[in-house]
Amino acid sequence: EAVMTIVWLSEYWKTLLPTFVYIALVYAVFTDIRFRLIPNWISIIIICAFIGFYVTSNNPSLSADHFFVSFIVLIVLLPLFAFKKMGAGDIKLVSALSLWMGPTHIVEFLSLTALLGGLIAILYLMRTYVAMGLSVLPVYGGALASACLHGSQTVPYAIPITFAALYLMFQLYGGLV
């Protein structure tokens with residue numbers, strides 16, 4: 001009976017832990033859009049959830065390679081922070097999620113993140129042109145244009161990171177509880 005309980009708990013956690021990651025990612029998007037900040041605790045939750053998943057899983061494909069990949073991603077992305085091309089929170093988020101992707105899916109994750117990030121950057125560039133078009137409208141045109149341009153000029157990169165991660169994690173680890 002005790003063995004059955006342990007097996008049930010293991011399966012329960014293997015479903016619940018990715019759900020914690022999904023919730024943390026949604027919150028990361030919210031904070032990145034609102035404040036251009038991704039709190040450190042989000043990356044910590046993602047790392048702890050993976051460690052819990054790793055411990056409760058009997059999957060031999062989960063190995064130390066996942067940790068190595070995450071470390072390499074962190075080292076490769078750090079210069080982007082040094083040159084102010086990427087935020088520290090974005091780098092920590094990508095590195096934490098790299099644990100879940102492992103060596104077999106890391107290229108797909110990074111490629112999808114870069115593609116989606118490029119699309120969002122184009123949308124951000126287009127908002128200037130939309131604002132210019134709105135400014136010619138009578139009465140509220142100037143106010144609408146100002147609202148369109150208000151806020152940070154940086155791209156909230158948690159959006160493409162999250163969409164890429166959710167897309168792959170749903171395939172690899174399943175949906176919500």
Side-chain angles (χ1 to χ4, degrees), residues 13-54 66-67 69-102 105-131 143-177:
W13 280 109
K14 284 177 16 187
T15 304
L16 189 60
L17 291 169
T19 302
F20 289 150
V21 174
Y22 305 150
I23 293 167
L25 287 172
V26 170
Y27 190 77
V29 168
F30 169 75
T31 60
D32 202 21
I33 289 172
R34 181 76 175 99
F35 306 108
R36 293 301 189 272
L37 177 75
I38 301 171
N40 288 334
W41 62 264
I42 292 176
S43 296
I44 292 169
I45 285 175
I46 292 168
I47 292 167
C48 290
F50 179 79
I51 292 170
F53 189 87
Y54 181 79
H66 286 249
F67 295 96
V69 165
S70 179
F71 178 73
I72 294 299
V73 167
L74 178 66
I75 296 302
V76 168
L77 293 180
L78 276 176
L80 294 175
F81 172 70
F83 293 110
K84 299 186 186 313
K85 300 297 179 192
M86 194 170 184
D90 299 324
I91 291 170
K92 289 180 273 189
L93 185 62
V94 170
S95 297
L97 288 166
S98 296
L99 279 171
W100 289 89
M101 302 306 153
H105 298 284
I106 190 63
V107 172
E108 187 178 4
F109 171 61
L110 295 175
S111 300
L112 188 55
T113 299
L115 177 67
L116 294 172
L119 291 173
I120 289 180
I122 289 169
L123 290 174
Y124 260 71
L125 290 172
M126 288 176 54
R127 76 182 187 165
T128 302
Y129 296 107
V130 169
L144 289 172
S146 176
C148 191
L149 292 174
H150 182 70
S152 177
Q153 296 298 314
T154 61
V155 175
Y157 215 66
I159 298 170
I161 294 168
T162 294
F163 277 106
L166 290 177
Y167 173 76
L168 290 169
M169 286 186 70
F170 278 140
Q171 291 178 20
L172 297 171
Y173 303 104
L176 298 171
V177 174

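Count residues from 1 along the sequence. Since this is a predicted model, take the numbers as computed values, not measurements.
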Value rounded to 0.5 Å, distance of CZ in Phe20 from CG in Leu25: 13.5 Å

Point-to-point distance, once rounded to the nearest 0.5 Å, from OG of Ser70 to CZ of Phe50: 9.0 Å

Pro160 and Ile120: which non-hydrogen atoms are nearest, and at how many Å? CD-CD1, 3.5 Å

Counting only heavy atoms from other residues, nucleotides and ligands, does the tally under 6.0 Å from CZ of Phe81 exceed 12? no

Contacts satisfying side chain to side chain donor-acceptor pair (under 3.5 Å) that involve residues 37-49 (not counting sequence neighbours) are Asn40-Lys92

Grab the two heavy atoms, one from Thr154 and one from Arg36, that are nearest each other, plus how far apart they are. O-NH2, 2.9 Å

Show your working on side-chain contact (heavy atoms from CB on, under 4.5 Å) between Val94 and Met86 and close with a plain yes or no. CA-CA 11 Å; Val94 170; Met86 194 170 184; 4.2 Å; yes

Side-chain contact, heavy-atom cut-off 4.5 Å: Phe170 with Pro18? no

Applying side-chain contact (heavy atoms from CB on, under 4.5 Å) to Tyr157 and Thr113, what does each step give before you reach the verdict? CA-CA 9 Å; Tyr157 215 66; Thr113 299; 3.8 Å; yes

From Thr162 OG1 over to Ile42 CD1, what is the distance, rounded to the nearest 0.5 angstrom? 8.5 Å

Closest non-hydrogen contact found for Ala96 with Ile47 is CB-CG1, 3.8 Å

Which pair of heavy atoms, one from Tyr22 and one from Gly174, lies closest together, and at what distance? OH-O, 2.5 Å

Between Phe109 and Ile161 the two heavy atoms that sit nearest each other are CE1-O, 3.8 Å

For the atom pair CG (Leu77) and OG (Ser98), what is the distance rounded to the nearest 0.5 Å? 7.5 Å

Across all chains, not counting sequence neighbours, the ring pair (Phe, Tyr, Trp, His ring centres under 6.0 Å) partners of Phe53 are Trp100, Tyr173

Is there a side-chain contact (heavy atoms from CB on, under 4.5 Å) between Leu97 and Ile46? Walk through the geometry before answering. CA-CA 7 Å; Leu97 288 166; Ile46 292 168; 4.0 Å; yes

Under 3.5 Å donor-acceptor, Thr31 side chain and Leu37 backbone: yes

Measuring from Met101:CE to Leu168:CG, what's the distance to the nearest 0.5 Å? 5.0 Å

Show the numbers, then the answer: is there a ring pair (Phe, Tyr, Trp, His ring centres under 6.0 Å) between His66 and Tyr54? CA-CA 10 Å; His66 286 249; Tyr54 181 79; 7.6 Å; no

Quick check: closest heavy atoms across Ala158 and Asp90, and the distance to 0.1 Å? N-OD1, 3.9 Å

side-chain contact (heavy atoms from CB on, under 4.5 Å) for Leu74 and Ile91? Distances and angles first, verdict last. CA-CA 7 Å; Leu74 178 66; Ile91 291 170; 3.8 Å; yes

